[in-house]
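Below is one structure, written out as structure tokens; comments come after it.
Letters go in sequence order (proteins before strands), and every chain restarts at 1.
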Amino acid sequence: MSEQSEQIDRALERKYDAGFYSDIESETFENGLDESVIRRISAMKNEPEWMLDWRLKAYHAWLEMDEPEWAHVHYPKIDFQAVSYYSAPKSMKDKPQSLDEVDPELLRTYEKLGIPLHEQEMLAGVAVDAVFDSVSVVTTFRSKLEEAGVIFCPISEAIQKYPELVKKYIGSVVPRSDNFYAALNCAVFTDGSFVYIPKGVRCPMELSTYFRINQENTGQFERTLIVAEEGSYVSYLEGCTAPQRDENQLHAAVVELVAMDDAQIKYSTVQNWYPGDENGKGGIYNFVTKRGICHTNAKISWTQVETGSAVTWKYPSCILKGDNSVGEFYSVALTRGRQQADTGTKMIHIGKNTRSTIISKGISAGRSNNAYRGLVSMGPKADGARNFTECDSLLIGDTCGAHTFPYIESRNPTAIVEHEATTSKVSDDQLFLCQQRGMDPEKAVSMIVNGFCKEVFKELPMEFAVEAGKLLEISLEGSVG
Amino acid sequence: MSQWLNQVIEHASVPSDFLATVRQQSRETLQQQGWPGRRAESWRFTPLTSVAKREVKSATDVTAQHAPEIDGLNAIELVFVDGKLTTDCDKLEVPDGVLIATFDNLSEAEQQRAAKVFGQVKPEHHVFGLVNDVASEQGVFIDVADNVTLEKVIRITNLVSQDVDAHTRVAVNIGENASARIVEHAQGDTPSMTTAFVEYMIGDNAHLEHYRFALMAGQAKQIGGSHFALHNGSTLNSTIVGYGSELSRLDVDIIHRGEHADAKMNAVYLLAQGELFDLHSNIEHTQPNGTTEENARGIIGDNARAVFNGRIHIHRDAQKTLAELNNRNLLLSRKGLINTKPELEIYADDVKCAHGATVAEIDEEALYYLLTRGISRSKALVILNFGFIQELVNQVPDDAIREWLLPKLSERFTRMEVK
Amino acid sequence: MLKIQNLHASVEDKTIIKGLDLEVKPGEVHAIMGPNGAGKSTLGYVLSGRDGYEVNEGTATFNNQDLLDMDVEERAQSGLFLAFQYPVEIPGVSNMEFMKESVNAIREKQGKESLTAAEFLKKAKEACKQVQLPLAFLKRGVNEGFSGGEKKRNEIMQMILLQPTLAILDESDSGLDVDALQVVADGVNSQRDGERSFIVVTHYQRLLDYIKPDFVHILADGKIVKSGDASLAQEVEKNGYAFLGKKYEESEV
């Protein structure tokens with residue numbers, strides 16, 4: 001290994017700042033999953049009968065399904081009976097009506113993570129739903145949003161307050177038995193966010209959900225549903241962290257987006273779940289199903305910065321059903337240590353003149369493996385549809401892996417699909433140039449990696465772009481000296 | 001398990017020759033791994049149900065036939081008809097330093113060399129490769145000694161003339177600094193089921209110019225592979241031409257087992273009404289400093305289906321590799337279907353690898369240019385579509401083969417429906 | 001031969017040609033000059049019928065036929081030729097095959113017999129020599145890997161082979177050195193026979209030293225703003241497009 005590669009390697013040694021545990025008294029279900037657990041979750045949430053039915057149907061479908069094995073990831077078989085499917089701070093039981101009633105320890109947790117929940121301290125223009133283990137702790141700026149007609153609340157609350165809306169759209173994009181993890185989520189989901197933007201409304205602020213796993217041996221199964229009515233617009237941000245632990249923890253979320261005619265949804269994620277230690281001990285298994293449907297002229301844009309999790313299995317997708325609809329996927333995935341990521345997207349072109357763009361940047365270091373997996377499908381009616389895909393991988397060191405598995409399917413002679421993929425490394429020449437111009441190697445690597453990711457970062461809302469940049473910098477921050 | 005596979009295993013009378021151990025192993029592997037399931041990735045887009053249910057049929061009354069004429073091609077001809085070798089290898093005029101003989105007619109030293117090729121290049125778990133190990137009765141060994149340059153082309157032709165199961169096998173060893181040109185040619189359209197596998201061991205600094213014409217059509221099911229192991233400093237230039245048929249599948253493996261090897265492969269496929277063609281190419285770089293360039297292009301006509309899977313796998317030690325793969329497809333009809341998947345699997349950092357895949361319409365600008373020159377729209381489309389294929393055919397190194405191929409493909413193309 | 005009246009044309013909803021009048025009689029050479037963005041190339045595309053170039057108003061007749069009603073290839077078959085500023089590369093299609101197809105399509109329209117391969121080859125070789133391209137270029141893919149100058153000469157070679165009645169040369173001089181410019185000009189001049197007409201679109205005056213125009217028109221903002229004889233080109237050479245007003249003052253000549 002050259003001296004410079006060593007420098008890069010050191011530069012990549014990484015701290016996980018969000019690895020603390022909050023000592024909060026919680027009510028946690030005993031491990032295990034059967035019908036009674038699902039009934040209990042449903043009862044805790046005071047759900048209507050139809051919701052319970054729906055969960056039970058999903059559970060029975062799940063029992064018949066096999067865990068997917070096609071992804072380029074390897075991990076010991078998960079014992080789904082060794083997981084607790086519900087955990088909530090005891091203080092949340094009485095449903096605090098305002099921030100003043102929320103357990104201060106909880107608020108401190110979010111403060112430590114850099115997400116102050118007091119509105120006056122918050123970034124103006126960002127409303128936050130804070131989900132702690134299985135429950136939503138607080139949702140900020142609700143009244144301001146209500147003025148605009150925007151609904152932004154925990155999904156458990158939406159099931160009570162807006163049952164028709166939830167009933168109409170839940171499972172309409174990701175069907176109950178879509179895949180193994182989605183079915184599991186349908187059976188046991190505990191909380192998450194619900195967003196509804198009425199016709200013609202441009203949501204006055206960024207909406208954001210911050211997911212925190214705290215309790216040991218619990219799985220987090222959140223569910224997010226965003227409905228943007230005709231001609232509306234919303235930008236939604238999602239962040240996540242978890243304590244540092246030696247055991248793996250499971251996170252299996254489902255996100256559904258519905259963009260009606262002329263609507264636009266921008267969904268951004270900065271995923272920083274605990275990735276496990278250098279030797280691959282611990283870390284979150286992040287098995288997520290995210291999918292949106294675009295009606296006529298609608299647009300859904302997924303942007304993700306994935307730096308955490310021991311194993312990531314995630315393919316935010318777009319069903320471009322309406323004519324002229326647009327799907328976008330911008331992704332940065334950084335893996336190091338023993339992390340494994342298998343992530344990408346599916347763009348299903350159904351309508352005429354539908355367009356999709358996929359930009360994926362994978363950075364692999366340490367002994368990690370980073371794979372892009374995607375599908376672009378052009379249906380028989382997708383006349384004039386276009387896709388452009390670019391997948392670039394950057395390898396840092398010779399013990400990691402970078403992989404690309406794009407599936408392309410076309411049934412339409414007028415559709416155009418273009419896919420390009422390249423691999424490169426941080427070259428000694430680049431490093432030398434930067435150092436010759438007076439930069440230390442750590443700064444140089446961070447700069448080169450940032451440059452590599454630029455196309456994706458520019459898609460993030462400003463507040464998140466800053467966070468993402470910092471996250472990469474922390475990831476690249478080390479003990480070079 | 002499938003009925004067909006069971007019958008193949010039952011019927012196979014594994015010859016007790018020097019390859020018996022390998023064949024026996026393959027038989028066991030087949031029994032263990034069984035028939036590929038519905039989710040098997042390598043058969044995901046190419047259903048095997050028609051094979052699974054087939055009754056094994058052995059050949060009756062095989063009559064010798066000539067290989068299809070290629071004007072100006074000076075070739076040593078080996079012909080299999082319905083799976084039986086109809087050429088008498090002893091009567092072939094073969095230059096010094098070149099051996100062409102059936103497996104049962106090898107000296108001990110020759111057997112040792114053949115054993116280093118048979119089953120040593122093709123992938124371990126390919127179900128039809130294993131079937132071929134077990135069921136191919138009369139294999140041929142081609143051995144080109146060190147430092148020999150073979151001027152003549154060797155052509156291996158597979159013909160079918162009846163409803164038959166036919167399994168043919170050839171092992172090729174090209175010695176150090178040697179040079180050879182080999183053509184694999186398959187033709188026929190009877191409702192047959194053939195497997196044809198050829199393995200090539202290409203020695204240090206040796207050169208192989210290779211062709212595979214998978215031209216079976218109609219109800220013929222052709223499954224086969226050309227598999228190359230490249231050693232230090234060796235070069236390969238391969239041209240693949242595929243027609244579709246009821247089921248047509250070809251696997252090409254290019255394995256860099258030595259350093260500084262250079263491989264180039266061009267593939268074209270033209271699929272007419274209702275045909276299926278599946279090309280799986282796998283490029284393995286296990287050693288440093290190798291280069292590979294692969295271009296595959298296809299035109300898919302009415303109701304036809306093309307499957308392309310192009311994998312580049314760079315192993316940990318294969319630093320300084322250059323590997324590029326490009327797959328381009330033109331779909332002519334709304335009823336056609338293309339599934340393409342270029343794959344990169346990379347474990348070394350100091351490499352340059354790229355792949356691209358497109359499914360596209362005709363370039364509007366080029367079309368406009370032709371129209372401004374007075375060429376009719378329909379004619380312009382034919383010229384442009386065919387130009388897309390012709391660009392690769394023009395790179396065929398052998399003049400006689402190129403001259404034979406162009407009109408042949410052009411004729412096939414004009415029969416394909418252009419929108 | 002060509003009569004354009006009050007032509008308005010747009011690309012992607014942006015109007016580029018805004019009321020253009022021009023009449024070209026047999027045997028005449030018209031030069032169209034103008035600053036960047038004046039609509040010079042658009043005119044060639046509109047007259048040849050390129051997709052996406054919409055005529056919103058006005059008429060254009062060619063040999064008394066409604067030009068705007070014809071398909072791209074019909075216009076070509078009727079004798080209209082466009083030499084492209086940036087000829088496209090068509091890999092895999094040989095220059096020879098391409099031109100033979102083109103020549104015969106036009107001959108067919110004229111009621112002439114197709115040329116045999118041998119007859120065509122003879123003509124192609126002559127044309128190739130005339131524009132000083134090596135004969136090997138006939139076998140290469142259309143414009144594939146040609147330099148800028150070679151592409152321009154290839155266009156002139158096609159013009160010589162196709163024998164149009166009206167040739168529109170779109171900046172056939174751009175990017176050429178003096179020798180190549182001479183070859184292009186000689187090619188054009190050899191085709192001047194008192195019947196065939198030319199529209200020479202150029203940004204620079206220097207091409208007009210080699211191809212003497214009968215008329216010079218200045219195109220600015222989609223209209224012909226000034227017309228004159230060859231001396232107008234000299235004037236532009238000396239003083240630039242300043243007379244068009246401040247907007248064009250900076251525009252290089």
Other residues, nucleotides, ligands: >12 heavy atoms within 6.0 Å of [X] [atom1]:
| X | atom1 | value |
| --- | --- | --- |
| Glu69(A) | CD | no |
| Arg39(B) | CZ | no |
| Lys321(A) | NZ | no |
| Gln395(B) | CD | yes |

Side chain / backbone / both / neither for [X] at chain B, heavy atoms under 4.5 Å:
| X | result |
| --- | --- |
| Ala421(A) | both |
| Asp66(A) | side chain |
| Asn387(A) | neither |
| Asp392(A) | neither |

Heavy-atom contact with chain A under 4.5 Å, split by part of Glu41(B)
side chain
Heavy atoms only: give me the nearest [X]-[Y] pair and the separation to one decimal.
| X | Y | value |
| --- | --- | --- |
| Asn412(A) | Arg334(B) | ND2-NH1, 3.6 Å |
| Leu331(B) | Pro413(A) | O-CB, 3.2 Å |
| Leu344(B) | Thr423(A) | CD1-CG2, 4.3 Å |
| Val359(B) | Ser410(A) | CG1-CB, 3.7 Å |

Let's test your reading of the structure: which of [options] forms the most heavy-atom pairs below 4.5 Å with chain B?
| options | value |
| --- | --- |
| Thr389(A), Val417(A), Ile416(A) | Val417(A) |
| Leu394(A), Val376(A), Asp383(A), Leu375(A) | Asp383(A) |
| Pro380(A), Ala415(A), Cys391(A) | Ala415(A) |
| His72(A), Lys381(A), Arg411(A), Glu420(A) | Arg411(A) |

Walk me through it: do His403(A) and Tyr347(B) pass the test side chain to side chain contact (heavy atoms under 4.5 Å, CB included)?
CA-CA 9 Å; His403(A) 319 299; Tyr347(B) 296 94; 3.3 Å; yes
Report the option among Ala360(B), Ala306(B), Pro342(B), Ala354(B) that has the most heavy-atom pairs separated by less than 4.5 Å from atoms of chain A.
Pro342(B)
Value for OG1 (Thr358(B)) from CD (Glu418(A)), rounded to nearest 0.5 Å, stands at 7.0 Å
